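Working notes, beginning with the structure itself.
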There are 2 protein chains.
Amino acid sequence: MKPETNEKVDRRVQRTRQLLSGALMSLIVEKGYDAITVQNIIDRANLGRSTFYAHYQDKEDLLLRGMENIVHSLIGDENVARRDEGDEGDEETPRILSAVLIFQHAKEQHSLHKAMVGGRGIDVIIKTIQTHLSQHVEERIQELLPEGQTPSVPTQITANYLAGTMLTLLTWWLDNNMPYSPERMDEIFQELAMPGVWATIGVTP
Amino acid sequence: MKPETNEKVDRRVQRTRQLLSGALMSLIVEKGYDAITVQNIIDRANLGRSTFYAHYQDKEDLLLRGMENIVHSLIGDENVARRDEGDEGDEETPRILSAVLIFQHAKEQHSLHKAMVGGRGIDVIIKTIQTHLSQHVEERIQELLPEGQTPSVPTQITANYLAGTMLTLLTWWLDNNMPYSPERMDEIFQELAMPGVWATIGVTP
DNA sequence: TTCATTACTGAACACTGTGTTCGATATCAG
DNA sequence: CTGATATCGAACACAGTGTTCAGTAATGAA
């Protein structure tokens with residue numbers, strides 16, 4: 001409702017939201033999303049029941065509103081908002097999606113990642129990540145596409161395919177206790193997933 | 001007949017299980033798995049509450065035990081148990097996974113498919129399908145692998161990748177109201193996913 | 001047909017978790 | 001200081017779960 005003026009939020013509100021969000025995150029790692037009750041959350045955060053419902057509709061609402069942060073903390077901001085460029089230096093192989101960053105990040109915070117996307121992950125989270133990644137990839141493809149050329153497969157599908165493959169590999173890797181290095185996983189990703197993409201967009205790296 | 005095998009189940013038992021399973025399936029299509037209560041199921045099946053709990057632990061138990069049928073009805077028996085062979089005739093392009101059958105099947109029963117794997121699907125079902133498909137694919141890859149050759153990527157990963165890609169595409173297709181024909185989707189699948197696979201196993205189709 | 005066995009019935013119950021309400025209390029900004 | 005706003009927490013109504021048990025019905029074997 002209020003664009004900018006609304007910066008006069010009571011300090012208590014910010015603190016409350018942060019406590020709730022933090023409580024949820026730590027509980028997710030500990031016992032998994034499904035097993036968490038609202039009572040657990042407010043106990044952990046030391047807040048009253050009605051306070052919780054004054055801020056969020058339910059457990060899922062809390063999860064969803066904290067999603068931005070979660071996605072960043074899962075995938076890494078570098079990847080999420082990689083409008084930057086870089087890749088300069090060597091032109092040799094353009095990168096559409098740098099799997100290595102994601103796998104490295106997952107290794108650092110593997111408890112969180114495992115709770116979120118491994119095993120019985122939280123499907124809302126997975127879908128969101130998939131959507132973000134997919135969008136990011138689609139933009140990258142558009143950039144790489146030669147002038148006026150039409151790929152043999154709609155870019156939306158290709159983007160979706162790449163994002164999905166990324167998550168499939170990540171999930172497998174986490175479920176199997178990270179048996180290869182992030183660098184190796186990136187190699188595998190590039191080797192399995194990319195040839196088809198290069199062919200469809202008519203670029204030979 | 002089976003002398004010893006404990007197949008002497010009361011006809012009522014079979015009928016009961018079938019009613020419950022059928023009730024669950026129709027309810028899934030109607031309102032989605034999450035929204036279903038045990039009460040809904042027994043109302044639809046016209047059975048008593050205690051009868052339900054005499055057979056199954058809970059809603060998920062019912063789902064899991066009926067899974068075999070479900071997976072078959074989703075993927076199509078031809079694909080699930082494709083130990084057959086065929087593929088004779090033309091040797092031209094060996095098929096590891098025939099996506100066209102799956103997409104065709106999904107089109108015929110798209111309400112069920114959508115409820116199961118589209119949008120907010122049932123993750124237990126998706127995981128199960130992924131596992132079955134992945135196993136099937138791994139066997140096919142082993143068959144195609146030239147004598148004594150070691151692929152550059154572990155076959156388990158490749159199989160997982162292919163099954164995951166299949167499901168990613170299928171989900172996208174269902175979520176977007178099947179904008180292309182099953183045949184076209186199969187083409188896309190072969191074009192995007194397979195080149196990397198051929199490269200890693202050292203086969204050029 | 002008879003009859004012991006096995007399966008289904010359905011109401012009652014205890015239990016867990018949800019989401020709301022409201023008066024009392026604490027903390028805010030000005 | 002003061003009025004506005006946020007939190008507290010107990011109490012409540014509600015929905016769904018899973019169990020129990022005495023009564024009833026169907027089954028299959030003799």
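As the structure is a prediction and not an experimental result, all values here were calculated from the model. Letters A, B, ... mirror the listed sequences (proteins, then strands); counts begin at 1.
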What is the distance, to the nearest angstrom, from the [atom1] atom on [X] to the [atom2] atom on [N]?
X: A:R11; N: C:dA29; atom1: CZ; atom2: C1'; answer: 9 Å
X: A:I36; N: C:dT16; atom1: CD1; atom2: C1'; answer: 17 Å
X: A:R15; N: C:dA26; atom1: CZ; atom2: C1'; answer: 12 Å
X: A:D10; N: D:dG3; atom1: CG; atom2: P; answer: 18 Å
X: B:N40; N: D:dG18; atom1: CG; atom2: C1'; answer: 16 Å

Using only atom types and a distance under 3.5 Å, with no angle test, would you say the side chain of [X] pairs donor to acceptor with the backbone of [Y]?
X: A:H110; Y: A:L174; result: no
X: B:Y56; Y: B:L63; result: no
X: A:S26; Y: A:A23; result: yes
X: B:D175; Y: B:G119; result: yes
X: B:D61; Y: B:D58; result: no

| How about A:F103 and A:W173: are their ring centres within less than 6.0 Å of each other? | yes
| task | Go through the side-chain N and O atoms of A:S152 and B:E191 and say whether any donor and acceptor fall under 3.5 Å apart. | result | yes
| query | With distance as the sole criterion, is a donor-acceptor pair present between the side chains of A:N160 and A:Q156 under 3.5 Å? | reply | no
Considering only heavy atoms, which members of [range] lie under 4.0 Å from some atom of DNA chain D?
range: residues 50-68 of chain A; result: A:S50, A:T51, A:H55
range: residues 16-30 of chain A; result: A:T16
range: residues 41-49 of chain A; result: A:N46, A:L47, A:G48

| message | Salt bridge or not between B:R120 and A:E60? Use side-chain N to carboxylate O under 4.0 Å. | response | yes
| query | On the ring face of A:F52, is A:K59 found with NZ or CZ under 6.0 Å from the centre and within 45° of the axis? | reply | no
| request: Please test A:L133 against A:M166 for side-chain contact (heavy atoms from CB on, under 4.5 Å), starting from the C-alpha separation and ending with a verdict. | output: CA-CA 9 Å; A:L133 266 186; A:M166 174 73 243; 3.8 Å; yes
| field | Which nucleotide in C:dT6, C:dT18, D:dT5 has an atom nearest any side-chain atom of A:R12 | value | D:dT5
